[in-house]
Structures are given as structure tokens and as C-alpha cells.
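Residue numbers start from 1 in every chain, and the chains themselves are labelled A, B, ... in the order their sequence lines are given, proteins ahead of strands. The structure presented is a predicted model; accordingly, all values stated were derived computationally and were not measured. Computation of the quantities below employed the complete heavy-atom set of this structure, encompassing side-chain atoms and omitting hydrogens, waters and symmetry-equivalent molecules.
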Protein chains: 2
Amino acid sequence: MKKTAEINKTPVCKVRMQAISDVMSLLSGKWKFHIIGTLIEGNTLGFMDLLREVNGIGSKMLSKELQDLEMNKLISRTVHNTKPVTVSYAITEYGQTLLPMINEMAKWGVNYRKMVFNEHVI
Amino acid sequence: MKKTAEINKTPVCKVRMQAISDVMSLLSGKWKFHIIGTLIEGNTLGFMDLLREVNGIGSKMLSKELQDLEMNKLISRTVHNTKPVTVSYAITEYGQTLLPMINEMAKWGVNYRKMVFNEHVI
DNA sequence: CAGGATCCTTTACGATACTG
DNA sequence: CAGTATCGTAAAGGATCCTG
């Protein structure tokens, strides 16, 4: 039960732990990834569009999550001069930078599913 | 407010959304990344070691999170024939495959901090 | 259409004490 | 040492209704 010395190549040091905490806090909750995932395809969608696309979400949660994401500059919110008013949401340029991370997550997750599936088959 | 056609290069389709949900569910909560991050450096640690290394966690949460992670084959638990019994935890080979994803998350998070910091300075 | 207000249920988390 | 049991709080999430 000795601690291996600090010869590690990719230590998850304090700074990195904090960074990951930041990410988790920005994207925490049941819906943020789903919303980002929907918008990151490049779509510009209205509130009702998102209500339909993000399966299962209610208007209260959607509203709150959109505010969080906008506050963190990951998505943009545009109000249009129509009556009644319409609003459109889109991913920001900065939000796009999430893509490599999302890709890694999806890649790992897909592989995980395969593994679980195969083990069950055996 | 038209939906852009499906000409996207990296669409976050249903399968990928599900995969990301899996990842989030495996690694959700306040502590899992911290535990994984501690063990992924290659250390083999006992319960008390982790209680010290994972800052702020209590024995109840630690115990629960360790069970979750073990159930998902991300960490291993070994009981030793000592008195009183000691137990050691380590990352599994499969758990190691999380590293690319964790690296991307840390990278994005570090960059995010920089951005927030710079904006505040201006 | 785009949300806010209200109320309610369900998890997550934490402190403390205790056991083999 | 390595946990479990019990209790309590706080946060997340959901259903429904309402408004400019």
C-alpha cells in the first residue's frame, strides 16, 4: 500500500482537477449536453424547437439551462422583432471549441456500450 | 428559424447522445472524477489514503462512489489478509482508457479558466 | 411564442455515531 | 481499518398553470 512515487507521465494534478471540476459544473445537470449537442450541429433553433428536439425536457428546465449556457458564452440568444416575439438559440464560436471534448466523450461512451453488450452476450 | 439540413460533418446523433449520457451517468456526482484522477496516476491506495487524498469527501460518500466505480469496472478492489483487514483500490486497465477523454476535458477547462481570467482583467 | 411562478417529489450530499 | 446505519439538509428536477 505504498504510494508510487511521482514519476507519472500524465498526472491529474490540482490544476487539472480544478479544470475538470469547471467543465463538470458548466455542463452539469440532466440536459446541458443534450442542448449543446443539438445546437452544435449548427442549427439555429427557437424555444419550441428545442422543447421538441430535447426529448423529455420541460419549459422550466429548458429555460433555466439555456440561461446557464448563455451566461457561460456557450450559446447565443437572439430576440426577433416579431409578434409575438420569437427567440433563437445557436452555439457560439466558443461553444464550438467543446467539440473535441465531446467527441472523446462520445467515443469512449460508444466503446463502453460495446463492451457492456459483448460481456452480456457471453 | 429553418433547420439547417443534415449536411453536418460531426453530428451529435442519437447514438452519440446516448453515449455521452452513459459517460455522464458513470462519472456523475461530486467525487468520481476526483477519485479516478487520484487513482489514474497509477497509485494503489487504501480507503484511508483516499479519504485523505480526495479532499473533503466523507467515508460514506467515498464508500458509495468506490462501489459505483468498481461496479463499472473502472477501478479494482482488493482485500488483503491482514488484521484488521485492509483493502486497496487501483485503476483498472479499462479505467485507463478514460485518459484521452480526461485529457480533453482538462485541456478545455484550463483554457476556459484562462479565458475567464483574461476577460476579467480587461 | 417564450418563458416565469408555484408547488411538489426525488436525489444528492453531509455529519455523526457505530461495528467486525 | 474499512466501512454501514441513521438522520437531516439542500439541490435538482418535474407538473401544472399563468402571462405579456
Side-chain angles (χ1 to χ4, degrees), chain A residues 1-3 17 20-39 43-72 75-90, chain B residues 1-3 17 20-36 38-39 43-72 75-91:
Chain A
M1 196 107 33
K2 246 178 298 174
K3 298 176 194 174
M17 279 315 309
I20 291 173
S21 290
D22 289 350
V23 173
M24 292 307 285
S25 121
L26 289 182
L27 300 178
S28 66
K30 201 172 167 183
W31 303 111
K32 298 220 177 67
F33 270 103
H34 206 135
I35 295 171
I36 293 270
T38 303
L39 292 175
N43 300 323
T44 293
L45 300 175
F47 194 84
M48 289 305 269
D49 296 329
L50 284 166
L51 220 44
R52 267 178 253 108
E53 298 279 336
V54 181
N55 213 289
I57 200 172
S59 71
K60 178 190 147 187
M61 274 298 118
L62 180 55
S63 166
K64 188 221 156 211
E65 301 291 67
L66 288 172
Q67 283 176 34
D68 288 355
L69 293 172
E70 194 203 351
M71 226 186 323
N72 292 315
I75 66 172
S76 66
R77 177 178 181 274
T78 313
V79 182
H80 302 281
N81 292 352
T82 55
K83 38 180 177 146
V85 284
T86 54
V87 176
S88 64
Y89 291 93
Chain B
M1 197 108 31
K2 243 177 300 176
K3 299 177 193 173
M17 279 314 310
I20 290 173
S21 289
D22 290 350
V23 172
M24 291 307 286
S25 120
L26 289 182
L27 299 178
S28 66
K30 200 172 166 183
W31 302 110
K32 298 219 177 67
F33 270 102
H34 206 135
I35 295 172
I36 293 269
T38 303
L39 292 174
N43 299 322
T44 294
L45 300 175
F47 193 85
M48 288 305 266
D49 296 330
L50 284 166
L51 219 44
R52 268 178 252 109
E53 297 280 334
V54 181
N55 213 289
I57 200 171
S59 70
K60 178 189 149 187
M61 275 297 117
L62 180 56
S63 166
K64 188 220 157 214
E65 301 293 66
L66 287 171
Q67 283 176 34
D68 289 354
L69 293 172
E70 192 202 353
M71 226 186 323
N72 291 314
I75 67 172
S76 67
R77 176 177 182 276
T78 312
V79 183
H80 303 280
N81 291 352
T82 54
K83 37 178 174 139
V85 283
T86 53
V87 176
S88 63
Y89 293 93
I91 192 113

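- No side-chain heavy atom of A:Ile75 sits under 4.5 Å from any side-chain heavy atom of A:Arg77.
- Residues B:Leu62 and B:Ile35 have side chains in contact (heavy-atom distance under 4.5 Å, counting atoms from C-beta outward).
- Looking at A:Ser63, its side chain never comes within 3.5 Å of a backbone N or O of A:Ser59 through a donor-acceptor pair.
- Just one of A:Met24, A:Lys32, A:Lys30 meets the side chain to side chain contact (heavy atoms under 4.5 Å, CB included) condition when paired with B:Met24; it is A:Met24.
- In terms of phosphate contacts, A:Gln67 brings no side-chain nitrogen or oxygen within less than 4.0 Å of OP1 or OP2 of C:dG3.
- Separating the NZ atom of A:Lys60 from the P atom of D:dA15 is a distance of 11 Å, rounded to the nearest angstrom.
- Straight-line distance from the CD1 atom of A:Ile35 to the P atom of D:dG13: 11 Å, rounded to whole Å.
- Going from atom CE of A:Met24 over to atom P of C:dC13 covers 10 Å, rounded to whole Å.
- Scanning all heavy atoms of the two residues, the minimum distance from B:Leu69 to B:Leu26 falls at CD2-O, 4.3 Å.
- When distances are taken from the side chain of A:Arg77 to each of C:dG14, C:dG3, C:dA2, the shortest belongs to C:dG3.
- The phosphate of C:dG4 has OP1 or OP2 within less than 4.0 Å of a side-chain N or O from A:Ser63.
- Between the CE atom of A:Met61 and the P atom of C:dT9 there is a distance of 16 Å, given to the nearest Å.
- Residue B:Tyr89 has a polar side-chain atom (N or O) positioned under 4.0 Å from OP1 or OP2 of D:dG3.
- Here C:dG3 presents its C1' atom at 13 Å from CG of A:Leu50, a figure rounded to the nearest Å.
- Rounded to whole Å, atom P of C:dA2 lies 17 Å from atom NZ of A:Lys83.
- Taking atom CD1 on A:Ile57 and atom P on C:dG3, their separation rounds to 12 Å, with Å as the unit.
- Between A:Ser28 and A:Pro84, the residue anchored nearer the 5' end of DNA chain D, judged by the nucleotide with its closest heavy atom, is A:Ser28.
- Straight-line distance from the CG atom of A:Leu51 to the P atom of C:dC1: 10 Å, rounded to whole Å.
- The residue among A:Lys64 and A:Ser59 whose nearest nucleotide of DNA chain D is located toward the 5' end is A:Lys64.
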